[in-house]
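These notes are about the structure you will find just below.
The sequence lines fix the lettering, A, B, ..., with proteins before strands; numbering per chain opens at 1. Excluded from the calculations below are hydrogen atoms, water molecules and symmetry mates; all remaining heavy atoms, backbone and side chain alike, are included.
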Amino acid sequence: MAFTLRSVKVPLNSASLEEARGRVFDFFRKACRSIPTIMDIYNLDDVVTKSQLRSIIASEIRKNTHVTNPKVIDLLLFKGMEELNNIVEHAKQRHHIIGQYVLGRQGLAQDLDTKDEGTSDFLKNFYKSNYF
Amino acid sequence: MASSTGLSLKFSPLSTSFKQNKVRGICNVNSVSLPSRGMRLGSLRLRVSCAAKPETVDKVCSIVRKQLALPKDSPVTGESKFSALGADSLDTVEIVMGLEEEFGISVEEESAQHILTVQDAADLIEKLVEQKSA
């Protein structure tokens with residue numbers, strides 16, 4: 001039962017922001033240490049590198065840096081642990097991982113279709129954002 | 001020089017015949033005793049010399065630079081603190097994980113909290129690599 005190894009036996013109850021911060025770093029370290037397993041399970045070696053996955057995980061964590069309530073941080077950590085468990089026990093599939101975590105920023109550079117080769121830089125920047 | 005005299009003192013019972021010519025004696029002692037005491041000699045030498053090898057520091061600097069997206073000419077030396085280079089605490093943890101992957105070591109949480117500068121990280125890496133190979 002691989003998932004029971006990671007699931008939290010006692011619900012998280014951080015007393016202070018510092019304790020929650022420590023828990024976040026522990027979670028991040030756990031996630032980083034399971035990256036080789038993930039790359040092996042889903043055959044991601046051709047798609048991303050380990051350091052890219054690490055920075056993707058870090059950016060996901062960084063999306064919530066504005067949170068100050070330890071209870072909210074606990075809940076976010078719980079959901080993060082649940083997601084990590086699902087990924088590691090192969091409850092997800094390769095396209096889930098690629099679509100949810102690898103793509104989504106600018107898309108994979110090597111997957112640009114040939115139709116995009118001819119478009120101008122102006123249009124590419126225009127599609128990306130309003131300000132360039 | 002202090003290290004060599006220390007070594008000669010330690011190995012004098014083994015090699016009494018070499019006491020006459022100290023300089024040559026030391027060289028011979030080194031060459032003879034390396035197979036048997038290679039580990040101790042190596043660790044002694046490491047402790048006498050500087051704390052971390054420059055290539056380790058260089059590797060750490062390159063990983064830090066890549067992680068923090070610093071330009072090539074920004075100064076990253078052994079004494080630069082991670083916070084001074086613009087890394088927040090999550091960046092520091094990520095850099096430590098990158099170093100773990102690069103050097104194949106495993107850093108404890110307590111030791112990771114004391115890493116403040118590039119030199120600290122390089123020293124810790126050296127220690128862990130030594131422990132792993134010993």
Please state whether the side chain, the backbone, both or neither of E100(B) comes within less than 4.5 Å of a heavy atom of chain A. side chain
More than 12 heavy atoms of other residues, nucleotides or ligands under 6.0 Å from CZ of R29(A): is that the case? yes
Ionic contact status for E94(B) with K50(A), cut-off 4.0 Å: no
Same cluster (ILVMFWY, side-chain, under 4.5 Å), L53(A) and L103(A): yes
Part of S55(A) within contact of chain B (heavy atom distance under 4.5 Å): both
Apply salt bridge (Lys or Arg N to Asp or Glu O under 4.0 Å) to the pair E109(B) and K30(A), showing each step before the final yes or no. CA-CA 11 Å; E109(B) 274 79 47; K30(A) 227 184 242 183; over 6 Å; no
So, taking the atom named OG in S51(A) and the one named NZ in K66(B), what distance separates them when rounded to the nearest 0.5 Å? 5.0 Å
Common cluster, I61(A)/V72(A), ILVMFWY with side-chain heavy-atom separation under 4.5 Å: yes
Verify the neighbour count for atom NZ of K92(A): are there more than 12 heavy atoms of other residues, nucleotides or ligands below 6.0 Å? yes
Heavy-atom contact with chain B under 4.5 Å, split by part of R33(A): both
Out of V96(B), L90(B), D91(B), return the one with the most heavy atom pairs under 4.5 angstrom to chain A. L90(B)
Shared hydrophobic cluster, F28(A) / L17(A) (ILVMFWY, side-chain heavy atoms < 4.5 Å): yes
Is the closest basic N to carboxylate O distance between E101(B) and R54(A) below 4.0 Å? yes
Applying the 4.5 Å side-chain criterion to the ILVMFWY set and letting contacts propagate, would V67(A) and I57(A) be lumped into a single cluster? yes
Are any non-hydrogen side-chain atoms of I35(A) and M97(B) less than 4.5 angstrom apart? no
